[in-house]
Amino acid sequence: MAHVIAIDTPTLGDRSYLVHDGEVAFVVDPQRDIDRILDLAADAGVRITHVFETHVHNDYVTGGRALADATGAAYHVNAADAVEFDRTPIADGDEVRVGDELRVTALATPGHTFTHLSYSLSERGHQVAVFTGGSLLFGSVGRPDLLGPEHTQDLVRLQHASAHRLAAEVPGPADVYPTHGFGSFCAATQSSASSSTLDTEKAANPVLSQTEEEFVRSILAGLDAWPAYYAHMAAINSAGPSAPDLSPPARADAEQLRRRIADGEWVVDLRNRTAFAAGHIFGSLNFGADGNFATYLGWLIPWGTPVTLLGETPDQVADAQRELVRIGIDRPAAHATGDPREWTGDQPPATYPRATFAELAQVRHHRPIVVLDVRRNLEWQESHVPGAVHIPLHELPRRLADVPDGEVWVHCASGYRASIAASLLHAAGREVVHVDGDYASASLKETSA
């Protein structure tokens with residue numbers, strides 16, 4: 001019997017899969033840090049013989065080549081993909097035997113990319129599952145606009161056709177195992193589902209109930225910005241990235257930290273936003289390890305800028321380093337752990353205040369302030385605080401000069417993104433208040449209609 005083990009990377013919203021029959025195994029869409037997969041295979045007592053990529057990924061660095069090198073597995077990548085490494089080419093209709101009972105069949109499902117493949121799993125002649133990558137997701141599909149606006153119209157229509165192909169050729173009871181859709185920006189829309197079958201998707205997924213024109217209109221209307229680091233992923237993956245170096249980076253003292261900040265490097269504080277506001281080294285930036293740290297850091301940082309990590313513990317730094325290699329930031333320049341008073345040397349830690357939405361509503365009656373909303377465009381269009389200035393977080397580093405003069409009260413939907421924005425503004429010398437709370441329950445918002 002086939003055993004499917006999902007390997008979640010929740011901070012990126014992705015899943016990899018280890019599938020085995022008790023003796024041999026294959027892997028679909030492995031993440032860069034392959035030690036997780038090797039450990040699972042060892043625990044199960046199975047040998048990995050095949051690795052399959054559904055597509056050249058846009059949101060993370062693959063571990064496919066590194067895993068194949070480490071295990072001697074065949075590395076299956078679409079024959080039509082222009083890659084710079086040796087692979088076992090695979091194409092629509094090709095069947096791969098894994099062990100005595102398992103068969104994997106490639107199905108062309110373009111839409112997320114032009115060369116996207118899904119993989120149908122058969123056991124003893126019966127199709128029992130399909131690994132859909134960025135094609136058919138739980139309640140959605142992979143977004144069709146990541147290859148550029150010149151391709152979006154073609155890809156969104158291909159995505160509709162591919163979903164219908166899967167629905168027609170894979171039995172309804174078969175389990176669906178997508179790579180994206182668990183918070184990934186590669187998903188066109190989000191779903192809270194954690195498992196599904198083809199029958200479930202036929203009943204609930206709009207792509208399988210809407211006409212092509214309805215689907216095209218609804219998907220294109222719901223697309224918003226995606227992380228800037230995506231622009232680098234396809235090139236890295238096409239080159240065949242090696243296994244990452246996860247050894248600890250060099251340790252930096254207070255003087256070195258100040259010098260790195262002065263030189264324009266990014267010194268990133270991984271502590272939660274409450275701790276950061278209460279005390280930090282001036283000029284450092286808060287990307288808390290308790291949120292989508294790698295996604296937002298990769299989105300905002302000028303690509304290639306050296307990164308130093310500050311954490312409460314070595315484990316916090318190590319976890320962050322692992323997150324970064326998944327998006328192609330291979331080696332932090334340095335790190336430090338402990339208390340911010342150790343990082344600031346003879347200077348007291350810098351601070352800034354935090355506030356609630358209720359306090360924001362009150363203060364506007366007493367003195368002039370700037371309200372800065374750093375949510376994305378679709379969020380702003382749904383509703384916003386009257387009189388607020390809107391600069392999406394991913395645009396803020398290059399638009400700091402667009403923030404009006406005065407005391408800035410910055411908010412997002414929950415507080416995480418606002419903390420990043422507050423740290424950017426504070427590092428730029430602005431007087432800032434971090435509004436930390438649930439925007440959905442705030443009473444001072446208005447709809448854009």
Side-chain angles (χ1 to χ4, degrees), residues 2 4-19 26-31 37 51-60 62-64 76 78 104-113 115-121 127-146 155-156 158-209 215 219 222-223 226 230 233 237 295 326:
V4 180
I5 302 173
I7 306 162
D8 284 292
T9 306
T11 51
L12 295 180
D14 291 315
R15 282 181 178 175
S16 306
Y17 298 94
L18 174 72
V19 186
F26 67 89
V27 177
V28 180
D29 289 343
Q31 285 273 345
I37 300 169
V51 178
F52 296 90
E53 297 281 12
T54 58
H55 59 294
V56 176
H57 299 283
N58 288 293
D59 67 327
Y60 67 83
T62 180
H76 299 280
N78 195 326
V104 177
T105 302
L107 302 172
T109 48
H112 189 48
T113 68
T115 56
H116 189 283
L117 295 172
S118 296
Y119 295 101
S120 172
L121 172 63
Q127 290 186 74
V128 296
V130 60
F131 298 87
T132 55
S135 183
L136 186 67
L137 312 184
F138 296 159
S140 185
V141 294
R143 62 190 298 165
D145 60 330
L146 298 181
L155 286 169
V156 69
L158 288 170
Q159 194 70 297
H160 185 268
S162 291
H164 282 261
R165 180 189 182 186
L166 290 172
E169 297 186 16
V170 178
D175 292 312
V176 176
Y177 293 109
T179 300
H180 305 314
F182 311 95
S184 170
F185 281 91
C186 274
T189 58
Q190 296 299 325
S191 167
S192 60
S194 59
S195 63
S196 189
T197 65
L198 252 298
D199 278 339
T200 300
E201 294 308 310
K202 288 177 183 178
N205 197 318
V207 70
L208 296 176
S209 61
F215 172 75
I219 289 296
L223 296 175
W226 67 83
Y230 279 23
M233 297 299 96
N237 288 327
T295 295
R326 294 171 180 158

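Throughout, numbering of the chain's residues begins at 1 and tracks the sequence.
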Quick one: closest heavy-atom pair of [X] and [Y], and the distance?
{"X": "Ser162", "Y": "Pro110", "answer": "OG-O, 2.6 Å"}
{"X": "His112", "Y": "Arg143", "answer": "ND1-O, 2.8 Å"}
{"X": "Tyr60", "Y": "Asn237", "answer": "O-ND2, 2.9 Å"}
{"X": "Val130", "Y": "Ser118", "answer": "CG2-CB, 4.3 Å"}
{"X": "Leu146", "Y": "Trp226", "answer": "CD2-CD2, 3.5 Å"}
{"X": "Leu198", "Y": "Leu166", "answer": "CD1-O, 4.0 Å"}

Short question: side chain of [X], backbone of [Y] - any donor-acceptor pair under 3.5 Å?
{"X": "Tyr119", "Y": "Glu53", "answer": "yes"}
{"X": "Gln127", "Y": "Glu169", "answer": "yes"}
{"X": "Asn78", "Y": "His55", "answer": "no"}

Looking at [atom1] of [X] and [atom2] of [Y], how far apart are the two atoms once the value is rounded to the nearest 0.5 Å?
{"X": "Arg165", "Y": "Leu158", "atom1": "CZ", "atom2": "CG", "answer": "12.5 Å"}
{"X": "Gln31", "Y": "Asp14", "atom1": "CD", "atom2": "CG", "answer": "5.5 Å"}
{"X": "Ser195", "Y": "Asp175", "atom1": "OG", "atom2": "CG", "answer": "7.5 Å"}
{"X": "His57", "Y": "Tyr230", "atom1": "NE2", "atom2": "OH", "answer": "12.0 Å"}
{"X": "Leu155", "Y": "His116", "atom1": "CG", "atom2": "NE2", "answer": "11.0 Å"}
{"X": "Thr109", "Y": "His164", "atom1": "OG1", "atom2": "NE2", "answer": "13.5 Å"}

Is any side-chain heavy atom of [X] less than 4.5 Å from a side-chain heavy atom of [Y]?
{"X": "Pro178", "Y": "Phe138", "answer": "yes"}
{"X": "Tyr177", "Y": "Val28", "answer": "no"}
{"X": "Asp29", "Y": "Thr62", "answer": "no"}
{"X": "Thr179", "Y": "Arg15", "answer": "no"}

Phe131/Tyr17 aromatic ring centres below 6.0 Å: yes

Criterion side-chain contact (heavy atoms from CB on, under 4.5 Å) on Val207 and Ile219, from CA distance to verdict: CA-CA 9 Å; Val207 70; Ile219 289 296; over 6 Å; no

Working for side-chain contact (heavy atoms from CB on, under 4.5 Å), residues Ile7 and Leu18: CA-CA 7 Å; Ile7 306 162; Leu18 174 72; 4.2 Å; yes

